[in-house]
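Just below is one structure, and these are the notes that go with it.
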Amino acid sequence: WNIMLSQLLQKIPGGQRVQVLVGTSLILFASVVPVLAKPSTKRGHELFSQEKPEAVAASKEQLQRVHRKARQSSSSSSSSS
């Protein structure tokens, strides 16, 4: 792999600095392509996301609703007594 890359870079016209610039640019481009080409992800699933994933947020909301209903039903039953 290394020999192939060096042979390819030697075919580039210009001095060693130009070859280093082209080689570095190719390596940087190759490392950025997967990040930019990936499909859009759900909220909270990005690499550096600080948001909660959608499934976690939805389950938390559902638990809060159930808890509120339970509190309301217990408070309404105690107030009718």
Side-chain angles (χ1 to χ4, degrees):
W1 163 253
N2 193 13
I3 295 170
M4 228 170 51
L5 184 61
S6 65
Q7 288 175 350
L8 181 65
L9 288 175
Q10 288 175 359
K11 292 181 182 181
I12 297 173
Q16 186 178 5
R17 289 183 177 180
V18 174
Q19 293 173 355
V20 169
L21 175 69
V22 170
T24 304
S25 301
L26 288 173
I27 291 171
L28 286 174
F29 178 74
S31 62
V32 168
V33 166
V35 175
L36 297 178
K38 71 179 182 179
S40 61
T41 57
K42 297 178 184 176
R43 184 186 74 168
H45 289 273
E46 292 88 18
L47 187 57
F48 297 109
S49 176
Q50 293 184 0
E51 297 179 9
K52 291 182 185 176
E54 289 180 23
V56 173
S59 65
K60 190 173 182 179
E61 286 178 19
Q62 184 179 9
L63 284 173
Q64 287 176 344
R65 278 190 235 121
V66 169
H67 184 67
R68 272 188 251 135
K69 285 182 181 179
R71 264 195 340 211
Q72 288 174 351
S73 64
S74 67
S75 65
S76 65
S77 65
S78 63
S79 64
S80 61
S81 298

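Just so you know, these numbers use all the heavy atoms, side chains as well, and skip hydrogens, waters and symmetry mates.
In this structure, CD in Gln19 is found 12.5 Å from NZ in Lys11, a value given to the nearest 0.5 Å. Here the straight-line distance linking atom CD of Gln10 with atom CD of Gln16 works out to 10.0 Å at 0.5 Å rounding. How far CG of Leu26 is from CG of Leu8: 7.5 Å, rounded to the nearest 0.5 Å.
Within a 6.0 Å radius of CD in Gln64, other residues, nucleotides and ligands contribute more than 12 heavy atoms.
Partners of Arg17 under the side chain to side chain contact (heavy atoms under 4.5 Å, CB included) rule, at least two apart in sequence or in another chain, do not exist in this structure.
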Without placing hydrogens or testing angles, list every side-chain donor-acceptor pair under 3.5 Å for residues 27-35, not counting sequence neighbours.
residue, atom, partner, partner atom, Å
Ser31, OG, Ile27, O, 3.3
Ser31, OG, Leu28, O, 2.8

